[in-house]
Number of protein chains: 2
Amino acid sequence: MIVSVDCAIFGFERELSIFLIKRTNPYFKNKWSLPGSIVFEDESLEDAAERTLYELSGLKNIYLDQVGAFGDPKRTKGARILTVSFMAIIDKSKYNLEPKVKNRTFISQTNEEELILSGKWFKLNEMPLLPQDHSEIAHTALKFLRQKFRYSPICFELLPEKFTLKELQDLYQAVYEVQLDPSNFRKKILKSNWLVELDEYSQQGSSRKARLYAFNMVLQEQGDEQEFVFDF
Amino acid sequence: MIVSVDCAIFGFERELSIFLIKRTNPYFKNKWSLPGSIVFEDESLEDAAERTLYELSGLKNIYLDQVGAFGDPKRTKGARILTVSFMAIIDKSKYNLEPKVKNRTFISQTNEEELILSGKWFKLNEMPLLPQDHSEIAHTALKFLRQKFRYSPICFELLPEKFTLKELQDLYQAVYEVQLDPSNFRKKILKSNWLVELDEYSQQGSSRKARLYAFNMVLQEQGDEQEFVFDF
DNA sequence: CCAAAAGTGTTACAAGTACACCCATGA
DNA sequence: TCATGGGTGTACTTGTAACACTTTTGG
């Protein structure tokens, strides 16, 4: 069986978006799809996902999690391909994504060459219908992101190193699709020890300057699980 | 690449246990391992997991969830095998597990026949070291179970249809490895609408008879997610 | 009548919710 | 000086934790 990886890259900048690419190959011709690649014989799934990320978006060393395997025999036309999906998250403002590799040999029955045409961010509610089961994979990855968000401090991967409480609140609101009371959000998040208060202030906006905060790095060491339950 | 499925079957009866099997084949010779099987060419991963479950434990129509893919190129000696792991949970007292298929053709380079010798329950802390990366898979499945437990009412899969609050409390204690105050547990769980109070009483024990409860079936329909956050 | 487990009640405190209000800043 | 968003305080409600007390049952 052929095995591939597909990556759902989520980015944040006021809103949650997903990065999709357009490429030519028998199955994706001219449709926006998740960046993906065949897994090489001597390559682990994580390595394949990292390589894919670099080749198709230019990203390196970013947060990456396995979401799951999609293996329906009918999910692809032609040869059966099992795909393992990954979720990547970044601060959108920090990177300018663009495919690094413009053409690759597409390993399948026909073994054609595929051209990577371009990549583009889509707001979640403006995401087009994706080919094969990529829409399902993207939605599963989003559910996975929401779940992970609850008990692991991954929110900081989606923000600049220094951020205001408002930005963090906007992120929570975007991910959970809720409205939060700024006053209560502030109290709750400050009572946890996730944040470090900085002596710097945001220079944006036409009103009072907001204090900047950073993620408390000590927390990163104690793996995930348990400690971080943060519901709203 | 060869693709297989492996199942971590968890059962409850006072304690959490896992069901392992012993079989002969080049890689598992005489070691306890997770029940697993090669995925056939025209079979979905879920179908393969269900078939495996039936062939190696006799279970049919039980709760099953995909945990994830394990695809390190060095996880198996010989041909590379990617495995997708599943987690199954049952009320241990309801079934008497035993392999239904005693020998199968083992699809690999050598294509030998494998004999399924026996199956046995192991308490979690008495689980032996498993071959290949099966120990890692089992631990990942357990973490998955704990996680799922929080926000999905899967606890009822592990109990008889009618159960006492004490039994439910024991289950929570076993899964989360904590001690709970019976009085407070009772209040919290009864305030949720998970349970239906029955007019029946347990006939066990040499003291006051405990009232029996059942799962509120209405909840089963509204899929998982959100509604069911139940921490202790 | 006693031990053991089921089940109820009470109290003190922590956490969450909904606001009103003050502060700093640019226009 | 006013509008805007940042930030603080407070009163009310709800949830949690610890533990004392009552009820039922078998021996």
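Lettering of chains follows the sequences in order, A, B, ..., and the numbering in each one begins at 1.
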Which nucleotide in C:dG9, D:dG26, D:dG7 has an atom nearest any side-chain atom of A:Arg211
D:dG7
d(CD, B:Glu200; P, C:dA6) in whole Å
17 Å
Touch class at under 4.0 angstrom, heavy-atom based, for A:Lys166 against every strand present
sugar-phosphate
In this structure, how many angstroms lie between the P atom of C:dG7 and the CG atom of B:Leu212, rounded?
9 Å
Between B:Phe215 and B:Glu161, does the side chain to side chain contact (heavy atoms under 4.5 Å, CB included) criterion hold? Intermediate values first, please.
CA-CA 7 Å; B:Phe215 174 49; B:Glu161 289 87 49; over 6 Å; no
Any idea how A:His134 and A:Phe28 line up, ring-wise: parallel (<30°), tilted (30 to 60°), or perpendicular (>60°)?
tilted
Separation of C:dA6 C1' from B:Gln203 CD (nearest whole Å)
14 Å
I want to check one thing: is the phosphate of C:dG7, taken as OP1 and OP2, less than 4.0 Å away from some side-chain N or O of B:Arg186?
yes
Worked verdict on B:Asn216 versus B:Val196 for side chain to side chain contact (heavy atoms under 4.5 Å, CB included)
CA-CA 5 Å; B:Asn216 179 2; B:Val196 177; 3.9 Å; yes
Do B:Leu53 and B:Ile9 come close enough that some side-chain heavy atom pair is under 4.5 Å?
yes
In whole Å, what is the span from the CG atom of A:Asp170 to the P atom of D:dG5?
12 Å
Atom-to-atom span, NZ of A:Lys187 to P of D:dC12 - whole angstrom
14 Å
Ignoring backbone atoms, test whether B:Lys209 places a side-chain nitrogen or oxygen under 4.0 Å from the OP1 or OP2 oxygen of C:dA5.
no
When we call it a touch if two heavy atoms are under 4.0 Å apart, what does A:Lys188 touch: a base, just sugar-phosphate, or nothing?
sugar-phosphate
Below 3.5 Å, does any donor atom in the side chain of B:Ser183 face an acceptor in the base of C:dG9, or the other way round?
yes
Whole Å only: how far is the CG atom of A:Asn184 from the P atom of D:dT10?
15 Å
C:dA24 base to A:Arg208 side chain: any donor-acceptor pair below 3.5 Å?
no
Measure from OH on A:Tyr201 to C1' on D:dG5 and round the result to the nearest Å.
15 Å
I need the CD-C1' distance between A:Gln204 and C:dA24, as an integer number of Å.
17 Å
Find which nucleotide of DNA chain C each of B:Ser207 and A:Lys191 is nearest to by heavy atoms, and output the residue with the more 5' nucleotide.
B:Ser207
